[in-house]
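Worksheet for the structure shown next.
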Amino acid sequence: MADKPRLRIPETANKGDVIQIKTLVAHPMENGFRKDDNGKTIPRKIINKFVCTFGGKEVFRADLEPAIAANPYFEFTVKVDESGTFAFAWVDDDGTVTTAEQSITVT
Amino acid sequence: MSQMTRRGALLLGAGLTLTLIAVDQSAATPAEADAEIAKFTGGKTAESGKIAIDLPEIAENGNTVPLSIKVDSPMTADDYVSEIRVIAGGNPNPGVVGFHLTPMAGRAEVATRIRLNSTENVIVLAKTSGGKLFMDRRMVKVTVGGCGG
């Protein structure tokens, strides 16, 4: 499962600003092509979905495939018009969901 | 006469090499990648020159290659990029990632880190809210592949 989500979001912004969000989560993103020491294929286990919402509304979503590098990293932008909370969710192949939250004050 | 033949042979050799390089580049998009493109475009033609793809020219480690994408779009409620799809022609699975954007993004700019198996074309497709399609591609030389196996 995903671990230690890290977020980089400005704490404050002016109304109408386009801010940049950077996220990183610890996960091996086992791609299902690698073999272990005995030559057996290691089964696929990846984060297959990442969602960011602001005030409950989806602002960004990614469908991940095995070609996303380990410890999935994303950068994207959001235009903020009011203060609120960003919520993030990473969904694992095994169904576990890792979440994180951070608020922004918009003046 | 013999001098001419030698020069001719050299020119012919150079020409052949160039042809081989050209053929090799287009061959880097196998049938599966084309199928993946067609799935996104629905068989319609996509306009080029709207997507700026930032990738290293040479990726020493195919396990983690930084990729950033900028699509030329006003990102207003009436006209925005709703979907971006990344396809790697030389990977065992051509699909890499799909991004879903909203007008709340303000700008159509995303970045991530991807795995590349070999020297290959990375294809980026974008779809706008009005149904317009864009496509651009970048060739990346990969020193050590990132798919294991």
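Any value given below was found using the heavy atoms of this structure, including those in side chains, with hydrogens, waters and symmetry copies removed.
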### Message
Contact between A:Phe76 and B:Leu101 at the side-chain level, heavy atoms closer than 4.5 Å - yes or no?
### Response
no
### Message
Is any side-chain heavy atom of A:Asn31 closer than 4.5 Å to one of B:Arg115?
### Response
yes
#### Entry: Heavy-atom pair of closest approach, residues B:Gly95 and A:Ala67
O-CB, 4.0 Å
### Task
Please report the closest heavy-atom contact between B:Ala105 and A:Val18, naming both atoms and the distance.
O-CG1, 3.8 Å
### Proximal component of A:Ile19, with respect to chain B [non-hydrogen, under 4.5 Å]
neither
N/O donor-acceptor pairs under 3.5 Å from side chains in residues 60-84 of chain B, not counting sequence neighbours:
unit_1  : atom_1 : unit_2   : atom_2 : d
B:Asn61 : OD1    : B:Asn63  : N      : 2.8
B:Ser73 : OG     : B:Met75  : N      : 3.2
B:Thr76 : OG1    : B:Asp79  : N      : 3.3
B:Ser82 : OG     : B:Lys127 : O      : 3.3

State the [atom1]-[atom2] distance between [X] and [Y], to the nearest 0.5 angstrom.
{"X": "B:Phe99", "Y": "A:Phe74", "atom1": "CZ", "atom2": "CZ", "value": "5.5 Å"}
{"X": "A:Lys57", "Y": "B:Thr102", "atom1": "NZ", "atom2": "OG1", "value": "7.5 Å"}
{"X": "A:Phe54", "Y": "B:Met104", "atom1": "CZ", "atom2": "CE", "value": "6.0 Å"}
{"X": "B:Ile114", "Y": "A:Ile68", "atom1": "CD1", "atom2": "CD1", "value": "7.0 Å"}
{"X": "B:Thr112", "Y": "A:Lys22", "atom1": "OG1", "atom2": "NZ", "value": "13.0 Å"}

Grouping I, L, V, M, F, W and Y whenever their side-chain heavy atoms are under 4.5 Å apart, do [X] and [Y] come out in a common cluster?
{"X": "B:Val97", "Y": "B:Ile53", "answer": "yes"}
{"X": "A:Tyr73", "Y": "A:Phe50", "answer": "no"}
{"X": "A:Val51", "Y": "A:Ile21", "answer": "no"}
{"X": "B:Leu133", "Y": "B:Ile37", "answer": "yes"}
{"X": "B:Leu55", "Y": "B:Val86", "answer": "yes"}

### Query
Is the shortest distance from a Lys or Arg side-chain nitrogen in B:Arg85 or A:Glu65 to a carboxylate oxygen in the other one below 4.0 Å?
yes
### Summary
In terms of heavy-atom pairs under 4.5 Å with chain A, the winner among B:Ala108, B:Pro94, B:Gly98 is B:Gly98
#### Entry: A:Phe33 vs B:Asn93, side-chain contact (heavy atoms from CB on, under 4.5 Å): CA-CA, chis, key distance, verdict
CA-CA 10 Å; A:Phe33 295 106; B:Asn93 280 336; 3.8 Å; yes
### Query
Do any N or O atoms from the side chain of B:Arg113 and from the backbone of A:Pro72 form a donor-acceptor pair under 3.5 angstrom?
no
### Message
Quick one: does any side-chain atom of A:Thr77 pair with a main-chain N or O of B:Arg107 as donor and acceptor, under 3.5 Å?
### Response
yes
Contacts under 3.5 angstrom, residues 100-107 of chain A side chains, donor-acceptor by atom type, not counting sequence neighbours:
unit_1   : atom_1 : unit_2  : atom_2 : d
A:Gln102 : NE2    : A:Ile9  : O      : 3.3
A:Ser103 : OG     : A:Thr85 : OG1    : 3.2

